[in-house]
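Okay, structure first, notes after.
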Amino acid sequence: MPCRVRRRGASLSGHRILLIDGNSESHADYRRLLAPDAPAAPGGDGPGESSRAAVESTQLGSDGVNLVREARASGHPFQLVFFDLNGADLLPSLDASRELLNHDADLQLVLYAPEGPEADHHIRTRVGASDRVLVLKKPFGSVDLVLLARSLQARWADGLRGLARGGGVEHAGYEHGAQTAAVLLHDPLTGLPNRTLFTDRLAAAIERQERHPELHFAVVFIDLDRFKLINDSLGHSVGDILLIEVARRIESCLRSSDRLSYESPPARLGGDEFLVLLEDLRGDHDAARVAERMLVRVSEPYLVAGHELRLTASIGIATSKRNYTVAGDMVRDANTAMSRAKEAGRGGYVLFGEQMHRAATARLSLENELRRAVDQQQLRLYYQPIIALADGRLAGFESLVRWEHPHYRALPISAIIAVAEETGLIHRLGLWVLEEACRQLTTWNTLFPELPDISVSVNLSRRQLIDPELPRRVAEVIMRGLREPRRLAFEITEGAVLQDPDASGDVLRALAAMGVKLHLDDFGTGYSAISCLHELPLHSLKIDRMFLSKICEQPKRAVVVEAIIAMARACDLEVVAEGVETAEQAELLRKLGCDFVQGFHVGRPVDAATAEAFMRARLAATPG
Ligand code: C2E
Ligand code: MG
Ligand code: MG
């Protein structure tokens, strides 16, 4: 029996697919499969439309990255990239894979990976886990390839474009029963549908509602509370058993005797997240009733491997009242509502509402504007002076990024950095900051030969600190013209180090080996890991301004600061006090043995021109 592929609308036509495969002979095979010359099947693409996807190919990962970047910039991006890692140089190829994802936030990437735990490890650490990446092991049949391409295309179209009225996304031929397709559409642990299959079903519900506006349905997003704790303390096998049991209980809430009829089983998104599509509802309250039932069922005790365990879940609901046209939007809103349920104290449910919609839209435009600001280099770097207490000498500047945007100027820059971290923009933002700071330092070298020792420090955020690529990027920037790496410093926080001490330790040691200095920032604000003072190649410690705010009024605070200074001394570290606002504070710090001060008392963060004026004024005031 031929493979029955339900065709509804666009299929692969008009889409761009990129193939990266070192073996150029296989390029033609892919092209034959993904972009057949044959005319569209009956009931397929409309008259005049081509049924062909544009399949482009290259042999090198780096060329692939360039093609994706150019395609994105031209407004006609690729939707799907197949990258064959077999026979290629694995590590550079994985780096290229990550770059592909960085260049295009909507790209779906399929990696054909070699077998073996080592490859898996490298993929995890270099590319990361994301629902935009699918890892396949060869051999992989040609039918499967086409099904997979179609379902990924559907996901892409669904996430970005919405369903064109009267059209729709392509549905892969699930009925065909191809084993691999079934595997690709289901979660191996619970056997439940996965996100791809769920999205497909949701898209169908949305389409039905377009024809029958009276239909009500809802997406329920379920996330277990503190599940990681169980996994970490009792082990993954207990965690797995629990997840299967939770899935079973969620499902049992859908089979009910009341008039609600639910056809689809829950879907598992991976981890401890589940999605349910509720159909044929009378209104929002029906969805709320099911959610309440789920909360009760999930919180009943579990008996696993001799332990009696308790769990709660947080639930977010998005209902069809908002007339969604894109399945991905509805799932996203249910997810947002779930996050609100967590914030509200866990163990409850929240319906997605107007207020949340406004907040989500605002957040989205912030992300877009920030992306544009980074792309178009609209950020500015400011510099705040740091002074040596012993002789009043200018030791250098801390660079601090600024974004002069009419809407977002008032937002604290730390909040902007947090958004950049969550969206992954931090890598490009951080690279720009680094390049700009080094450029400025080189300029100042030439302009101020009388100040041969001033340094510039650059803040590194959490995600940058565990990026194995960071040392290479820094080395490149240094090689481009920074003659004295010792005049460049990085500021890192304890929290950032503690999130992954091994990975960040590797990065920091690589940086220190290049001769740049490392400062531990905001010391005392987090869980201070005194051990990291010894183990990391640090040069100085910056006492957070929290400690200094009342240092002159409250003797106890001075004692704490004195103790921190003594500890730093014992570890051979210099001490910088941050947020010094008055001459009294600076004087007290000098007496306590602090080496450097930074704060409004000395100077606020200013642009490069004002920093230069500051240096000239200090040089003019210094005799000789
Ligand atoms: P930070 O690295 O601890 O920077 C010091 C912060 O204290 C700066 O805030 C600075 O303006 C402020 N400050 C300095 N002296 C005083 C003072 O006397 N009184 C008071 N009240 N505040 C003072 P800013 O510029 O808002 O930056 C906040 C945080 O955002 C920074 O804390 C840093 O963690 C982050 N950040 C700023 N620029 C960058 C950047 O380029 N990259 C990264 N990753 N993070 C950055
Ligand atoms: Mg700092
Ligand atoms: Mg600080």
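In listed order, ligands and their atoms are each counted from 1. Below, all heavy atoms of this structure are taken into account, side chains as well, without hydrogens, waters or symmetry copies.
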Nearest non-hydrogen protein atom to atom 7 (O) of ligand 1, with distance, is Arg545 NH1, 3.3 Å
*asked:* Quick test of your reading of the model: are Lys542 and Glu398 salt-bridged, counting only N-O distances below 4.0 Å?
replied: yes
Taking Lys591 first and then Glu562, would you say they form a salt bridge - that is, a charged N and a carboxylate O separated by under 4.0 Å? no
- Message: Any carboxylate oxygen within less than 4.0 angstrom of a Lys/Arg side-chain nitrogen, looking at Lys342 and Asp223?
- Response: yes
To the Mg ion (ligand 2), the closest N, O or S atom belonging to Glu398 is OE2
Using a strict 4.0 Å threshold on nitrogen-to-oxygen distance, state whether Asp272 and Arg226 make a salt bridge. no
Under 4.0 Å from one or more heavy atoms of Asp521, ligand 1 contributes atoms 1 (P), 2 (O), 3 (O)
4.0 Å heavy-atom contact, Lys542 with ligand 1
no
A student checking ligand 1 against Glu581 at a 4.0 Å heavy-atom cut-off should list atoms 17 (C), 18 (O), 19 (N), 20 (C), 21 (N)
Original post:
Under 3.5 Å, N or O to N or O, is Val401 touching ligand 1 that way?
Top reply: yes
The Mg ion (ligand 3) -> Asp522, closest N, O or S atom is OD1
Margin query: One thing to verify: whether Arg545 and Glu581 come together as a salt bridge, which I'm taking to mean a side-chain N less than 4.0 angstrom from a carboxylate O.
Written below: no
For this session: Please state whether Arg402 comes within less than 4.0 angstrom of ligand 1, counting heavy atoms only.
Result: yes
> Any Lys/Arg nitrogen of Asp607 or Arg380 sitting under 4.0 Å from an Asp/Glu carboxylate oxygen of the other?
Replying inline: no
Donor-acceptor pair, distance only, cut-off 3.5 Å: does the side chain of Glu421 make one with the backbone of Arg463? yes
Practice item. Please confirm whether Gly430 comes under 4.0 Å of ligand 1, counting heavy atoms of the residue only. Key: no
Quick look: Asp522 vs ligand 1, heavy-atom contacts under 4.0 Å, and the answer is side chain
| said: Are any of the N/O atoms on His601, whether in the backbone or the side chain, positioned under 3.5 angstrom from an N/O atom of ligand 1? | reply: no
All heavy atoms of Glu494 vs all of Asp522, minimum pair found to be OE1-O, 4.0 Å
**Prompt:** Is atom 26 (O) of ligand 1 less than 4.0 angstrom from some protein heavy atom?
**Reply:** yes
In ligand 1, the atoms that come under 4.0 Å of a heavy atom of Val433 are 41 (O)
- Do the charged groups of Arg462 and Asp500 touch, with an N to O distance under 4.0 Å? no
The angle formed at the Mg ion (ligand 2) by OE1 of Glu491 and OD1 of Asn459 is about (to 10 degrees) 100°
Ligand 1 atoms nearer than 4.0 angstrom to some heavy atom of Ile413 are 24 (P), 25 (O), 26 (O), 27 (O), 28 (C), 30 (O), 37 (C)
- What is the ring orientation for Trp444 with Phe397, classed by angle as parallel under 30°, tilted 30 to 60°, or perpendicular over 60°? tilted
Do any N/O/S atoms of Asp521 come under 2.8 Å of the Mg ion (ligand 2)? yes
Open item on the list: For Tyr382, is there any backbone N or O sitting under 3.5 Å from a side-chain donor or acceptor partner on Arg402?
Closed with: no
Here the atoms of ligand 1 under 4.0 Å from any heavy atom belonging to Pro605 are 11 (O)
| query | Using 4.0 Å as the upper bound for N to carboxylate O, is an ion pair formed by Arg372 and Glu369? | reply | yes
*Under 4.0 Å between a Lys/Arg side-chain N and an Asp/Glu carboxylate O for Arg472 and Glu476?*
yes
So for Glu398 against ligand 1, with non-hydrogen atoms under 4.0 Å, the contacting part is side chain
*May I ask whether atom 32 (O) of ligand 1 is less than 4.0 Å from at least one protein heavy atom?*
no
Within 2.8 Å of the Mg ion (ligand 3), is there any N, O or S atom belonging to Asp544? no
State whether the shortest distance between N or O atoms of Leu460 and N or O atoms of ligand 1 falls below 3.5 angstrom. no
